[in-house]
Amino acid sequence: MNRRSLFGSFAALTLLQSLPVQAATPMVHVYKNPTCGCCTGWVEHLKSAGFSVEVTETDETSAVRQRLGVPDRLGSCHTGIAGGYAIEGHVPAADIKRLLAMRPEAVGLAVPGMPVGSPGMEYGDRKDSYKVLLIDRKGRETVFASYPAQRAPSKS
């Protein structure tokens, strides 16, 4: 190795060390019913957004919700855990990433029910309106994100 290539290697290493290091997207542990297709769709949505996902199949997702502090009224068909936060229902990956960046004092996020058009609940071009709720440690919720209804233009 000559001096020029050694100097070039040192300069490249110094430049790389000065670049900001971005934290890896954390793993999401999902608890879902073994036969639920929309839950599988949500898991695929998370993976395509860069999350690694571990799935535990169970018929008792309500027990997981209760353990994590998610009120039953905000329940859905699956529950995840990401970065110590509960993720209930069809929460978009972008909202999970925003939650993890903000790190609020909270239980987590929820999309109650199974709104058509939310991740994993796609049905053609139809998208119903829904809200992503932030759950505080007392079980109260505030709106974290809103998604308006969208209808495909009618074909004449």
Side-chain angles (χ1 to χ4, degrees), residues 16-17 19-156:
L16 285 174
Q17 289 175 337
L19 294 175
V21 177
Q22 203 167 24
T25 304
M27 195 251 320
V28 179
H29 191 152
V30 177
Y31 296 86
K32 71 176 222 46
N33 186 291
T35 59
C36 185
C38 67
C39 298
T40 301
W42 185 67
V43 166
E44 292 307 313
H45 166 75
L46 294 179
K47 287 179 180 178
S48 71
F51 286 97
S52 58
V53 181
E54 179 181 335
V55 175
T56 298
E57 294 186 342
T58 178
D59 291 323
E60 294 298 323
T61 57
S62 61
V64 175
R65 258 193 317 276
Q66 185 177 33
R67 178 173 54 88
L68 295 173
V70 176
D72 283 338
R73 71 181 182 283
L74 302 179
S76 185
C77 55
H78 56 263
T79 303
I81 303 170
Y85 290 101
I87 308 296
E88 181 65 27
H90 295 269
V91 177
D95 292 325
I96 299 170
K97 288 178 180 180
R98 186 164 68 104
L99 173 78
L100 295 173
M102 292 172 59
R103 304 293 308 166
E105 290 286 325
V107 169
L109 298 175
V111 171
M114 299 166 66
V116 173
S118 61
M121 287 296 298
E122 293 84 2
Y123 185 74
D125 290 334
R126 179 179 156 195
K127 293 185 182 213
D128 293 349
S129 64
Y130 67 96
K131 295 181 182 344
V132 178
L133 304 175
L134 178 69
I135 309 162
D136 73 16
R137 297 201 187 273
K138 294 182 179 178
R140 298 175 303 207
E141 70 268 3
T142 55
V143 176
F144 188 77
S146 294
Y147 294 86
Q150 297 177 355
R151 301 281 189 259
S154 60
K155 296 178 183 176
S156 304

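Values in this document were obtained by computation on a predicted structure and should not be read as measured data.
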ask   = For Arg137, which residues count as a salt bridge (Lys or Arg N to Asp or Glu O under 4.0 Å) partner, sequence neighbours excluded?
value = Glu105
Spacing of Leu109 atom CG and Leu133 atom CG [to the nearest 0.5 Å] = 8.5 Å
remark   = Contacts satisfying side-chain hydrogen bond (donor to acceptor under 3.5 Å, both in side chains) that involve residues 57-73 (not counting sequence neighbours) are Asn33-Asp59, Arg65-Glu88, Arg73-Glu141
key: Inter-residue atom distance Ile135.CD1 - Phe144.CZ, 0.5 Å rounding   = 11.5 Å
task = Taking the side chain as every heavy atom from C-beta outward, state whether Val64 and Thr56 have any pair of such atoms under 4.5 Å apart.
result = no
ask   = Tell me the salt bridge (Lys or Arg N to Asp or Glu O under 4.0 Å) pairs involving residues 107-123, sequence neighbours left out?
value = none
note = Interatomic distance, CG@Asp128 vs OH@Tyr123, rounded to 0.5 Å, equals 11.0 Å
Pairs where residues 46-77 contributes a residue and the test ring pair (Phe, Tyr, Trp, His ring centres under 6.0 Å) is met, not counting sequence neighbours = none
request  = Report the residues that fulfil ring pair (Phe, Tyr, Trp, His ring centres under 6.0 Å) with Tyr31, sequence neighbours left out, ordered by chain and then residue number.
outcome  = His29
Selection residues 95-121 - residue pairs positive for ring pair (Phe, Tyr, Trp, His ring centres under 6.0 Å), sequence neighbours left out = none
task = Could you pull out all residues at least two apart from Arg98 that satisfy salt bridge (Lys or Arg N to Asp or Glu O under 4.0 Å)?
result = none
Of all pairs that satisfy side-chain hydrogen bond (donor to acceptor under 3.5 Å, both in side chains), the ones with a partner from residues 38-52, not counting sequence neighbours = none
message = Tell me the closest heavy-atom pair linking Ala149 and Ser129, and the distance in Å.
response = N-CB, 3.4 Å
ask   = Taking all non-hydrogen atoms of both residues, which atom of Pro92 and which atom of Val132 are closest, and how far apart?
value = CD-CG2, 3.8 Å
query = Going from SG on Cys39 to NE2 on His90, what distance comes out if it is rounded to the nearest 0.5 angstrom?
reply = 5.5 Å
message = I'd like to check the side chain to side chain contact (heavy atoms under 4.5 Å, CB included) partners of Ser146; sequence neighbours left out, ordered by chain and number.
response = Lys131, Val143
Could you list the donor-acceptor pairs under 3.5 angstrom formed between side-chain atoms of residues 110-117 and any protein atom two or more places apart in sequence or on another chain?
none

ask   = What residues, two or more places apart in sequence or in another chain, satisfy salt bridge (Lys or Arg N to Asp or Glu O under 4.0 Å) together with Asp95?
value = none
query = Taking it one step at a time, do Leu99 and Val91 satisfy side chain to side chain contact (heavy atoms under 4.5 Å, CB included)?
reply = CA-CA 11 Å; Leu99 173 78; Val91 177; over 6 Å; no
query = Say you draw a straight line from CG of Leu100 to CD1 of Ile87; how long is it, rounded to the nearest 0.5 Å?
reply = 6.5 Å
request  = Quick one: pull up CE in Met121 and SG in Cys77 and give me the separation to the nearest 0.5 Å.
outcome  = 7.0 Å
Under the ring pair (Phe, Tyr, Trp, His ring centres under 6.0 Å) test, residues paired with Tyr147 that sit two or more places apart = Tyr130
request  = Return yes when atom NZ of Lys32 has more than 12 non-hydrogen atoms of other residues, nucleotides or ligands closer than 6.0 Å, and no otherwise.
outcome  = yes
ask   = Which pair of non-hydrogen atoms, one from Leu68 and one from Gly80, has the smallest distance, and what is that distance?
value = CD1-O, 4.3 Å
